[in-house]
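Scroll down for the structure; my scribbles are underneath it.
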Amino acid sequence: SLALIAIAFVVTGVIYPQLPNQIPTHWNIHGQVDDYGGKAWAAFLVPGIMVALFGLLAAIPWLSPRHFEVDTFRSTYWFIGLVITATMAYIHGLILWATRDVSRDITRPMLVGLLLMFGLIGLAMPRVQRNFWVGIRTPWTIASNRVWVDTHRLCAKLFVAAAVGGILVVLLPLSLPVTTGTVVGLILGASFASVGYSLVHYKRLERRGELEG
């Protein structure tokens with residue numbers, strides 16, 4: 001993660017003199033640039049966010065309360081952090097690429113990057129232990145370790161399925177608004193389904209008297 005942050009700053013610094021005075025910072029639903037930022041700050045906006053994110057990731061282990069430490073799954077925690085950092089570096093690269101020609105549509109490649117991130121995080125979900133920062137953190141998963149484990153096993157399948165389905169949608173010759181709406185729907189659907197399952201599963205175990213003491 002630190003290497004990616006350093007690379008983002010170095011690359012931006014090297015090409016900074018060739019960048020236009022206005023950097024695209026936002027694209028509308030049709031893939032067209034609809035907002036710009038001054039070169040002095042917009043060129044380093046995403047790398048700056050990457051630094052802030054890394055600082056938060058480094059602080060969370062210290063902030064975590066006893067019995068809910070992220071240290072119990074440290075390698076998985078930092079894998080997820082790396083995936084998110086790499087995705088941000090990829091998006092930063094797309095933005096720099098777009099400065100060469102603002103008519104370039106970076107929305108589709110950006111969606112693919114976000115879906116890959118979503119799928120990789122999904123693969124890591126079964127190894128995430130109970131905590132207050134990462135995973136499907138509902139009152140029911142926090143209250144029961146069994147509900148936590150079962151919910152994250154289902155979450156992994158749903159996240160990966162949504163990622164694969166979303167990438168296939170991006171590759172289809174659909175309009176950009178339809179593509180974006182479908183991808184967002186798949187991601188939200190997988191997330192809400194996981195949350196709903198945690199409630200239903202908890203209540204089912206509660207009725208059977210199978211919850212932990």
Side-chain angles (χ1 to χ4, degrees), residues 1 4 7-8 11 24-35 45-46 49-50 53 57 73 75-128 133-138 141 147-201:
S1 294
L4 286 172
I7 291 171
V11 170
T25 58
H26 191 269
W27 284 256
N28 62 26
I29 192 67
H30 301 288
Q32 301 166 335
V33 179
D34 60 3
D35 199 9
L45 175 62
V46 176
I49 294 174
M50 292 167 68
L53 173 65
L57 288 170
F73 60 100
S75 60
T76 301
Y77 171 77
W78 281 109
F79 169 77
I80 293 173
L82 174 60
V83 169
I84 296 173
T85 305
T87 303
M88 296 186 68
Y90 170 69
I91 292 173
H92 181 58
L94 288 177
I95 293 173
L96 294 179
W97 179 63
T99 62
R100 308 290 293 181
D101 182 359
V102 295
S103 65
R104 289 172 174 167
D105 173 20
I106 71 167
T107 305
R108 292 181 189 275
M110 187 179 295
L111 287 174
V112 171
L114 292 173
L115 286 164
L116 286 173
M117 178 189 75
F118 197 69
L120 288 171
I121 290 176
L123 289 174
M125 284 294 101
R127 299 190 298 277
V128 174
W133 308 99
V134 183
I136 308 299
R137 303 171 314 283
T138 68
T141 55
V147 174
W148 176 282
V149 171
D150 292 345
T151 297
H152 283 75
R153 286 175 179 169
L154 174 66
C155 169
K157 298 175 183 177
L158 293 176
F159 277 28
V160 172
V164 173
I167 291 174
L168 292 176
V169 168
V170 173
L171 296 177
L172 292 175
L174 302 172
S175 68
L176 192 55
V178 172
T179 298
T180 303
T182 304
V183 168
V184 171
L186 287 170
I187 292 175
L188 291 178
S191 302
F192 285 129
S194 299
V195 170
Y197 173 81
S198 69
L199 168 61
V200 172
H201 190 39

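The figures here come from the full heavy-atom set of this structure, side chains too, leaving out hydrogens, waters and symmetry mates. By convention here, the first residue in the shown sequence is residue 1.
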Using distance only, find each side-chain donor-acceptor pair of residues 186-195 under 3.5 Å and give its atom names and separation, not counting sequence neighbours.
{"unit_1": "S191", "atom_1": "OG", "unit_2": "I187", "atom_2": "O", "d": "2.9"}
{"unit_1": "S194", "atom_1": "OG", "unit_2": "A190", "atom_2": "O", "d": "2.9"}

Determine whether a donor-acceptor pair (N or O, by modelled atom type, separation under 3.5 Å) exists between the side chain of R137 and the backbone of G135.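 Side chain of R137 to backbone of G135, a donor-acceptor pair under 3.5 Å: yes, one is there.
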V33: partners by side chain to side chain contact (heavy atoms under 4.5 Å, CB included), with sequence neighbours left out: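 Partners of V33 by the side chain to side chain contact (heavy atoms under 4.5 Å, CB included) criterion, ordered by chain and then number, come out as P24, W27, Y36, V102.
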By side chain to side chain contact (heavy atoms under 4.5 Å, CB included), which residues pair with L116, not counting sequence neighbours?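 Result, side chain to side chain contact (heavy atoms under 4.5 Å, CB included) vs L116: V112, I167.
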Do L158 and L154 come within less than 4.5 Å of each other through their side chains, counting heavy atoms only?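 The answer is yes, as the side chains (C-beta and beyond) meet within the 4.5 Å cut-off.
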Within a strict 4.5 Å, meaning less than it, do heavy atoms of the T138 and I136 side chains meet?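 Heavy-atom side-chain distance check passes, below 4.5 Å.
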Shortest non-hydrogen separation from T179 to L111 and the atoms involved: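 Result for this residue pair: CG2-CD1, 4.1 Å.
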Taking all atoms of both residues into account, what is the closest heavy-atom pair of M88 and L53, and its distance?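 So the minimum-distance heavy-atom pair works out to SD-CD2, 3.7 Å.
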State which residues pass ring pair (Phe, Tyr, Trp, His ring centres under 6.0 Å) with F159; sequence neighbours excluded, sorted by chain then number.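 F159 satisfies ring pair (Phe, Tyr, Trp, His ring centres under 6.0 Å) with F118 once adjacent residues are dropped.
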Non-neighbouring partners of F73 that pass ring pair (Phe, Tyr, Trp, His ring centres under 6.0 Å), sequence neighbours left out: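 Result, ring pair (Phe, Tyr, Trp, His ring centres under 6.0 Å) vs F73: none returned.
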May I have all residue pairs that pass side-chain hydrogen bond (donor to acceptor under 3.5 Å, both in side chains) and include part of residues 77-96, sequence neighbours excluded?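 Applying side-chain hydrogen bond (donor to acceptor under 3.5 Å, both in side chains) to every pair that reaches into residues 77-96, excluding sequence neighbours, yields T12-H92.
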Step-by-step side-chain hydrogen bond (donor to acceptor under 3.5 Å, both in side chains) determination, S198 to T141: CA-CA 6 Å; S198 69; T141 55; 5.5 Å; no
For the atom pair SG (C155) and CD1 (I121), what is the distance rounded to the nearest 0.5 Å?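 Answer for the SG-CD1 pair, C155 versus I121, is 9.5 Å.
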